[in-house]
Amino acid sequence: MASVSEILETMDYGPAPEASGEVMKWLSARGAFGHFIGGRFTEPGPTFDVMNPATGELLAKVTQGTGSDVQAAVKAARAALPRWSKLSGHDRARYLYALARHIQKRERFLAVLETIDNGKPIRESRDIDVPLAARHFYHHAGWAEMLADEFPSQGPVGVCGQIIPWNFPLLMLAWKVAPALAAGNTVVLKPAEYTPLTALAFAEICAEVGLPKGVVNIVTGDGATGAALVEADVDKIAFTGSTEVGRAIRKVTAGSGKKLTLELGGKSPFIVFADADIDAAVEGVVDAIWFNQGQVCCAGSRILVQERVARDFAERLARRMARLRVGDPLDKSTDMGAIVDPVQLRRIRDLVAQGEAEGAVLHQAPCQLPATGNYFAPGFFTEVAPANIVSEVEIFGPVATLTTFRTPDEAVALANNTRYGLAASVWSENVNLALDVAAQVKAGVVWVNATNIFDAGAGFGGYRESGFGREGGREGMEEYLAEPPVPAKAEPVPIAPETAPTPEAPAAADAIDRTAKLYIGGAQKRPDSGYSYAVRGKAGVIGLAGLGSRKDIRNAVEAAHKASGWGRATGHNRAQVLYYLAENLVSREAEFANRLKSAGSPKPAEEVATAIRRAFWYAAQADKYDGAVHATKSAHVTLAMPEPFGVMGIACPTSAPLLGLLSLVLPAIAMGNRVVALPSQNMPLSATDLYQVFDTSDLPGGVVNIVTGARDELARTLAAHDDIAAMWYCGSTEGARMVETESAGNLKATWTVRNRDWLGAEGQGRSFLKHATQIKNIWVPYGE
Ligand code: NAI
């Protein structure tokens, strides 16, 4: 007689379809959809078809938004902004609660609508997408309530343009709309062209709860509509989608002053150590790469398994994969539904075929796929060469790669061998090992013994080419709040006109010796060009400075990379070095003041005194600016840890040549970054005088590198450099545009630092430390 477990093992599931009658009735009653602008639906214009990816049937006709539709929506959002932003946090919170409750009331309707529009299994839309969307509105109702207490002196950014993808249509809407509204912004949202229907249903909910007109506007359309929104008169763009489009948006918004957050693609590692609970890890893969048909930006698409368990792991994985039920997404027992669109299906097929052609071996579930609809059987590759296209490119479908490693170091190296840095998953029963690896992986989210868990209370977002900015929790709120305004300056900040440095030939040997050199890797270096330039003060030429070039920048970046130990030093160790640096500045206070005086600084003594106090302050912060433990799911602690970027480029202010430089370099290194700093072009000599201070302060070589010369030209090279992870620029609007445009290559985080009274309180603060770090959220489980 068969045992119960054998019976369960062999038993098949009968169909259990969720009813879609209500949703179909709603769709046919609406006919064609217009946009939702200023609190009402517009008449439909020229439309495009929205199809059910599981059946190929037409679901609705939806308007293709034009430039003038976008403008009308932005106008409505702008008109609604003053009243909405002036409501008390409590009043805004009540609208957010109402939205949350109405989403909950319609949970079944929205889940079915999402499933027929996107193709995802009803189990996922019902248990994950829709409840989490409601949770986001509840959570952010709370932030609205507490806004004045938690974010004093900060206000909304203004009108936010939000562009979302098709993989989690309603959930991505919630991630974007809830924090924006809580902070007092108004929005124009463009859903993805494949999946606009739940956004249109949400528009009806907005009208139903009486949300003031124009606070939420929804314009449907394709990439052209999105591009029009990016160029429109908005104050912020929040984008989730492909890295390619994210990069284009970075370039278009460069220099516009629009705040930008980008949540882009990934090729996230899923690391399994030999001591992991292997069955749990196999189940983890199901959630990592077969969840939502693999159309997940943080999908664990690169499975890395420790060599000695790899064969066993692959066999168990293949057995588990064979049991996945692929088919009708409305069926409650379906594990994997349909791919969102024939275009995406073709893309997956092409990439998988190319992966096979390049020698990888595909293991695919032997399932019977439905005759119609966009289906792709789940699979994974083995024997994948590192150069194989499927090792590098995001497939965005239900296919992972499986490769092996021997040691933890090798696992970390492989995990980080990607342009992306969105998420990672680490499986081991050894907490020391798991957390050690979590700390070393370059990713914005790390799950320990888990994968793809999300909560409104934790930040989500990437490192590197996975974008910048966070969504969720306190970190996400900050993306929708403007920085406190820099107070009007009591007196104009003196900015010396930046004249192009004229190269002086390296004449007599003694002249070269009097020339301030560059500071690279802890040593004074002659510029590669061999040239220097004259530095003028009040009474004519006061010295010569090295004329740095691209080659010097490259050397400086390399030296900074070599100094990686600084990032691993404890905050206490860094604090000691900074205190020592402050003391050494004290002992040379008069000398620095004299130098500043001869350079024409209006308040030399005050500038040096403030620089010294600032060095003490950042020394104090080095072991105090820390993270948080977020309250998220049960049986988890979510550690939000601020991490240094790595190597940063800093173009320092022209004014306050000593204080301006230290005001930016100190917070950056206090947090563990190494920097390549470009001092004031016209007054570089107080920066070059710092070399000796650095040398006598035990600052490891390479932590601070200084390259003098044509500042903006050097900044261009830094901004375009792939090994620079973040770039701060203080200078002209044109310069900021240049830096932001050049930064699009590796999508480095940039910060345009407004020039300010560096002597004043606004020259220092926690916001500098915030910009010097990126948050990694590590999900640590507890309990059985
Ligand atoms: P996409 O990046 O083109 O689309 C995402 C959103 O951006 C959609 O709303 C689209 O209409 C809009 N958009 C497109 N071009 C735009 C432009 N120039 N300016 C402003 N908005 C624009 O992604 P697509 O083409 O649908 O998918 C292609 C690949 O992108 C996928 O195979 C996948 O690899 C990746 N992807 C990643 C997502 C993520 O969550 N990180 C989500 C969707 C796609």
Side-chain angles (χ1 to χ4, degrees), residues 48 50 53 62 64-65 67 70 117-120 129 161-169 171-173 175-176 188-199 218-232 234 237-253 258 260-268 289 291-299 301 339-352 374 376 389-390 392-399 419-423 444-445 452 454 460-462 464-469 471 744 747:
F48 58 93
V50 176
V62 171
Q64 165 63 28
V70 168
D117 197 7
N118 168 278
K120 64 175 67 205
D129 295 60
Q162 307 183 316
I163 300 166
I164 57 172
W166 40 258
N167 50 351
F168 295 90
L171 184 57
M172 289 301 107
L173 173 151
W175 279 30
K176 298 255 181 307
V188 177
L189 175 116
K190 193 205 80 68
E193 54 272 42
Y194 299 151
T195 56
L197 300 179
T198 43
I218 291 170
V219 179
T220 48
D222 59 11
T225 315
L229 181 53
V230 171
E231 299 213 29
V234 294
I237 290 290
F239 172 78
T240 299
S242 61
T243 295
E244 191 192 350
V245 173
R247 190 170 280 130
I249 292 177
R250 168 67 290 182
K251 287 186 189 154
V252 173
T253 55
K258 287 175 190 166
L260 179 64
T261 46
L262 298 174
E263 202 268 272
L264 310 174
K267 191 80 183 169
S268 298
I289 191 68
F291 168 53
N292 204 21
Q293 296 71 250
Q295 304 165 132
V296 182
C297 52
C298 51
S301 53
I339 303 294
V340 71
D341 190 84
V343 171
Q344 185 62 18
L345 181 61
R346 227 168 7 252
R347 204 173 164 269
I348 296 169
R349 281 187 180 145
D350 289 351
L351 275 170
V352 168
N374 315 321
F376 194 91
I389 189 161
V390 294
E392 290 175 9
V393 174
E394 188 178 31
I395 298 176
F396 225 66
V399 185
R419 299 179 294 136
Y420 297 113
L422 191 51
V445 186
N452 278 341
F454 312 97
F460 183 92
R464 300 171 159 179
E465 291 181 40
S466 292
F468 42 77
E471 297 189 296
L747 285 163

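Order of appearance sets the numbers: ligands from 1, and atoms from 1 within every ligand. Side chains included, hydrogens not; waters and symmetry mates left out as well; all remaining heavy atoms used.
- The shortest distance between side-chain heavy atoms of L260 and R250 falls below 4.5 Å.
- Between P196 and V50 there is a side-chain heavy-atom pair separated by less than 4.5 Å.
- Ranking the protein heavy atoms by distance from atom 39 (C) of ligand 1 puts C297 CB, 3.4 Å first.
- For the pair Y420 and S268, the minimum side-chain heavy-atom distance is 4.5 Å or more.
- Here the heavy atom of the protein found nearest to atom 42 (C) of ligand 1 is P165 CB, 3.2 Å.
- Note on ring orientation: taking the six-membered ring where Trp is involved, the planes of W166 and F396 are perpendicular (angle over 60°, cut-offs 30° and 60°).
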Using side-chain contact (heavy atoms from CB on, under 4.5 Å), reason through L747 and R247 one step at a time and then give a plain yes or no. CA-CA 7 Å; L747 285 163; R247 190 170 280 130; 4.2 Å; yes

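- With ligand atoms numbered from 1 in the order given, ligand 1 contributes 11 (O) to contacts under 4.0 Å with heavy atoms of D222.
- Neither the backbone nor the side chain of V296 has a heavy atom within less than 4.0 Å of ligand 1.
- Among all non-hydrogen protein atoms, the one lying nearest atom 37 (C) of ligand 1 is F396 CZ, 3.5 Å.
- Side-chain contact, N374 with Q344: no donor N or O sits under 3.5 Å from an acceptor N or O.
- For atom 34 (O) of ligand 1, the closest heavy atom belonging to the protein is E394 OE1, 3.1 Å.
- Looking at every heavy atom in both residues, E263 comes nearest to C297 through OE2-SG, 3.5 Å.
- Here the heavy atom of the protein found nearest to atom 12 (C) of ligand 1 is I163 CG2, 3.7 Å.
- When non-hydrogen atoms are compared, ligand 1 lies under 4.0 Å from the side chain of E193 (C-beta onward) but not from its backbone.
- Contact annotation for atom 25 (O) of ligand 1: protein absent (non-hydrogen atoms, distance under 4.0 Å).
- Ranking the protein heavy atoms by distance from atom 1 (P) of ligand 1 puts S242 OG, 3.6 Å first.
- Side chains of T225 and Q64: a donor on one and an acceptor on the other come within 3.5 Å.
- Atoms of ligand 1 lying under 4.0 Å from at least one heavy atom of G226, given by number and element, are 19 (N), 20 (C), 21 (N).
- Here atom 22 (C) of ligand 1 lies nearest to V245 when heavy atoms of T195, V245, L422, I164 are compared.
- Contacts with ligand 1 closer than 4.0 Å are made by side-chain heavy atoms of Q344 only, the backbone lying farther away.
- For the pair K258 (side chain) and V230 (backbone), a donor-acceptor distance under 3.5 Å is present.
- With contacts defined as side-chain heavy-atom distances shorter than 4.5 Å, the pair I249/I237 qualifies.
- For ligand 1 and A192, the ligand atoms under 4.0 Å from any heavy atom of the residue are 9 (O).
- Counting only heavy atoms of the protein, atom 7 (O) of ligand 1 lies nearest to F239 CE1, 3.2 Å.
- Of the protein's heavy atoms, G223 CA, 3.6 Å lies nearest to atom 13 (N) of ligand 1.
- Residue-to-ligand polar distances place W166 within reach of ligand 1: an N/O pair is separated by less than 3.5 Å.
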From CA spacing to verdict: salt bridge (Lys or Arg N to Asp or Glu O under 4.0 Å), R419, E392: CA-CA 8 Å; R419 299 179 294 136; E392 290 175 9; over 6 Å; no

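- Only the backbone of L264 comes within contact range of ligand 1, with a heavy atom under 4.0 Å; no side-chain atom does.
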